[in-house]
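By convention in this document, chain letters (A, B, ...) are assigned in the order of the sequence lines, proteins followed by strands, and residues within each chain are numbered from 1.
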Number of protein chains: 2
Amino acid sequence: MGVSLKDVALRAGVSAKTVSNVVNNYPHIRPGTRERVQRAIDELGYRPNATARHLRTGRSGIIALAVPELGNPYFADLAAAVIDAAAHHGHTVLLDHTAGLRANETLVSRGFRSHLIDGLILSPIQLENEDLLRRPDGPPLVLLGEREYDAPYDHIAIDNVAAARLAVRHLIDLGRRRIAFVGARRESLRQPAHLRLRGWREEILRAGGTPSDDLVVATDGYDRADGAAAMTRLLALSEPPDAVFAYNDLVALGALRVLAERGLRVPQDVAVVGFDDIEDGRYAGVSLTTVAPDKAAIARLAVDCLITRIEAAPARAPFVPRRILPGHTLVVRESTTGRATAHD
Amino acid sequence: MGVSLKDVALRAGVSAKTVSNVVNNYPHIRPGTRERVQRAIDELGYRPNATARHLRTGRSGIIALAVPELGNPYFADLAAAVIDAAAHHGHTVLLDHTAGLRANETLVSRGFRSHLIDGLILSPIQLENEDLLRRPDGPPLVLLGEREYDAPYDHIAIDNVAAARLAVRHLIDLGRRRIAFVGARRESLRQPAHLRLRGWREEILRAGGTPSDDLVVATDGYDRADGAAAMTRLLALSEPPDAVFAYNDLVALGALRVLAERGLRVPQDVAVVGFDDIEDGRYAGVSLTTVAPDKAAIARLAVDCLITRIEAAPARAPFVPRRILPGHTLVVRESTTGRATAHD
DNA sequence: CTGAAAGCGCTTACAG
DNA sequence: CTGAAAGCGCTTACAG
């Protein structure tokens, strides 16, 4: 601990500035000087103090990523991808989980720890538009995911309506007519699952069907337990569904489990489609058909976008929020076709 | 941006030191002074700059957690628990994933970013003893997990031998005699799965059986795909196993998937036990019997231990490494008993 | 109970 | 191409 620039400068017989220049690859240094400094650095085992640098330059090289739950493999995968993308730019990621609670999301967006980070990527669940509008000046913020806002922030998300329509069309093409949507919320129009629910509705209408409210099930959260509870409710209907489109894979897996417990066949009795393409779905007893967002692209685009904002920060040009749409695909597996696709 | 102590001091008509005292809850301040300072803080919206504080005190309030894969729900859960435990002490967690690679693990243990963090919790897979012995002075390090080392570092891990014996005894009690172990490694005696393999061997011997090398399958990693490949190999044996004890739940789930594809019944044809108690196992088509380490306790003990070391750091008392053993239990589900336990 | 000064380890104008 | 000085925003002895 405690080899500083000054120690290196002393040993190399130069000023601190010259050492700093060498460390930061400043190009115009006499080769002999550079060599002498480099030797001193190696001999002393000097490593620059990032904190001092941060205090001086205002840049920490750290970005924060806030997701609802690390325990949800989708977000764990996304986090891993963001960490990789950030490392690619020489940045480190500080990870927060908000539990999808509005209070936590607001706190995070307000720049909790704002002195430490250069920027923030936030995937909100309950955050409201007004929370965002009241956000004080702070490091750049990039939003992720299905929630939509009227606020001047960049937003990266796949086309959730189109993706949901793709899933529902697949079920319709397979001859299903009573297609449930699992994972709505009660509270607000801007609810988390708003766009996916809209896609469900639009596609049923397009096919000449009637979207029935009985088949829209609200859940408290988006975990397996929520899917299991919702499926139980659906099976109690006088006319149960012949297909389920779930807000995400965890909810779909919970539904699959209840169907298995009841001895119902998937997909013959009930077909199931999820959303996220987490690995669990590929290895489930009945492998899960799902909408696969391009996670690597989402992570890369989010990090690129954030870093662009960070580097543009001094130049106070008029801010035009960006809306970026990564791609998605439908991955068809046993839970809709019954065909025993291998797990890989 | 940019309200500093000095601004607050100016407005409150006191010195910077007094503001600092108020911010840090130094007890002996005249009530009137405190109030005046607090008002200035509120009016200006002052928030202390953590970076400057860090530079001055040498404490950042950040600890790092390095795990092999965030995509493994066990580590995602553990990370969430560590984040909570650290928050409880007012610390923030910087998350790293090493992909279980020796080079990354070494880098991390060497205090990559050591200027930024107060301490490090590392869950190694391939790290060798010599890597640890060559570690230069740096922030306190706490090790997690099954690997054992002869190095002066604290280590938190359940009793892996006892836990493995519990799992294998359960299979023996159910009448199984050809019990496979999936998840060994080729390389070293100090291999990752060493202790669990030893538990498997000891318990089979205790029951009067003969541990057969045919039934020990090495894997490249510890994911579902590894379990699937291993199960495929086991089923190709002239005398396949009637039970599988897997290194972890992901491997077990991969094995379950292959058994389902082959039309084999679980547990009638093959019983399966995993390790970790991740949520996926509870909701699997056939719910998974598993060894459940007390993750919350592991996280809490690791953070407590690390913080103790951080705070003791100045007092250079002789360092006695601590070995802490959190608890574990066996959670029995359908994959061994066939009883349709509800998913919750 | 409070103040003035020094310094944590860097980088950034400003000179030369 | 390199140096000497100032300063990022705090806290820590040292006084009083």
Please report the C-alpha distance between A:Asn104 and A:His97 in whole Å, then the side-chain angles of each, then the deciding distance to 0.1 Å, and finally whether the side chain to side chain donor-acceptor pair (under 3.5 Å) criterion is met. CA-CA 8 Å; A:Asn104 290 345; A:His97 60 168; over 6 Å; no
Check the pair A:Gln38, A:Ile41 against side chain to side chain contact (heavy atoms under 4.5 Å, CB included), reporting the backbone distance first and the verdict last. CA-CA 5 Å; A:Gln38 191 56 56; A:Ile41 288 174; 4.0 Å; yes
Taking B:His54's backbone N and O only, do any of them form a donor-acceptor pair with B:Ser60's side chain (distance below 3.5 Å, no angle check)? no
For A:Pro124, does its backbone N or O pair with a side-chain atom of A:Glu105 as donor and acceptor, under 3.5 Å? no
Give, ordered by number, those residues of residues 30-38 of chain B having at least one heavy-atom distance below 4.0 Å to an atom of DNA chain C; if nothing qualifies, reply none. B:Arg30, B:Thr33
Is it true that atom NE2 of A:His88 has more than 12 heavy atoms of other residues, nucleotides or ligands lying nearer than 6.0 Å? no
Of all nucleotides in DNA chain C that come within under 4.0 Å of a heavy atom of chain B, which is furthest toward the 5' end and which toward the 3' end? C:dC1 to C:dG9
Tell me whether the guanidinium CZ or amine NZ of A:Arg309 lies under 6.0 angstrom from the six-membered ring centre of A:Phe319 and within 45° of its axis. yes
Over all heavy atoms of both residues, which pair between A:Asp131 and A:Arg110 is shortest? Give the atoms and the distance, please. O-NH2, 3.2 Å
How far apart are the C-alpha atoms of B:Glu128 and B:Arg102, what are their side-chain angles, what is the distance that settles it, and do they pass the side chain to side chain contact (heavy atoms under 4.5 Å, CB included) test? CA-CA 8 Å; B:Glu128 294 296 334; B:Arg102 183 173 172 185; 3.6 Å; yes
Using the rule given for side chain to side chain contact (heavy atoms under 4.5 Å, CB included), can you reason through B:Leu120 versus B:Val142, listing the C-alpha separation, both sets of side-chain angles and the distance that settles it, and then say yes or no? CA-CA 6 Å; B:Leu120 169 66; B:Val142 171; over 6 Å; no
What contact category does B:Leu5 fall into here, base, sugar-phosphate, or nothing, at under 4.0 angstrom with non-hydrogen atoms? base
At under 4.0 Å between heavy atoms, what does B:Leu55 touch on the DNA or RNA strands: base, sugar-phosphate, or nothing? base
Dot-bracket for DNA chain D, 5' to 3', counting Watson-Crick or G-U wobble pairs under 3.5 Å, with [ ] for crossing pairs and | for inter-strand pairs? |||.||||||||.|||
Going through the checks in order, is the salt bridge (Lys or Arg N to Asp or Glu O under 4.0 Å) test met by B:Arg323 and B:Glu148? CA-CA 10 Å; B:Arg323 187 80 170 77; B:Glu148 293 197 308; 3.3 Å; yes
Result for 5'-nearest mapping on DNA chain C, choosing between B:Arg56 and A:Lys17, is B:Arg56
The answer to which of B:Pro48 and A:Val14 contacts DNA chain D further toward the 5' end, by nearest nucleotide, is A:Val14
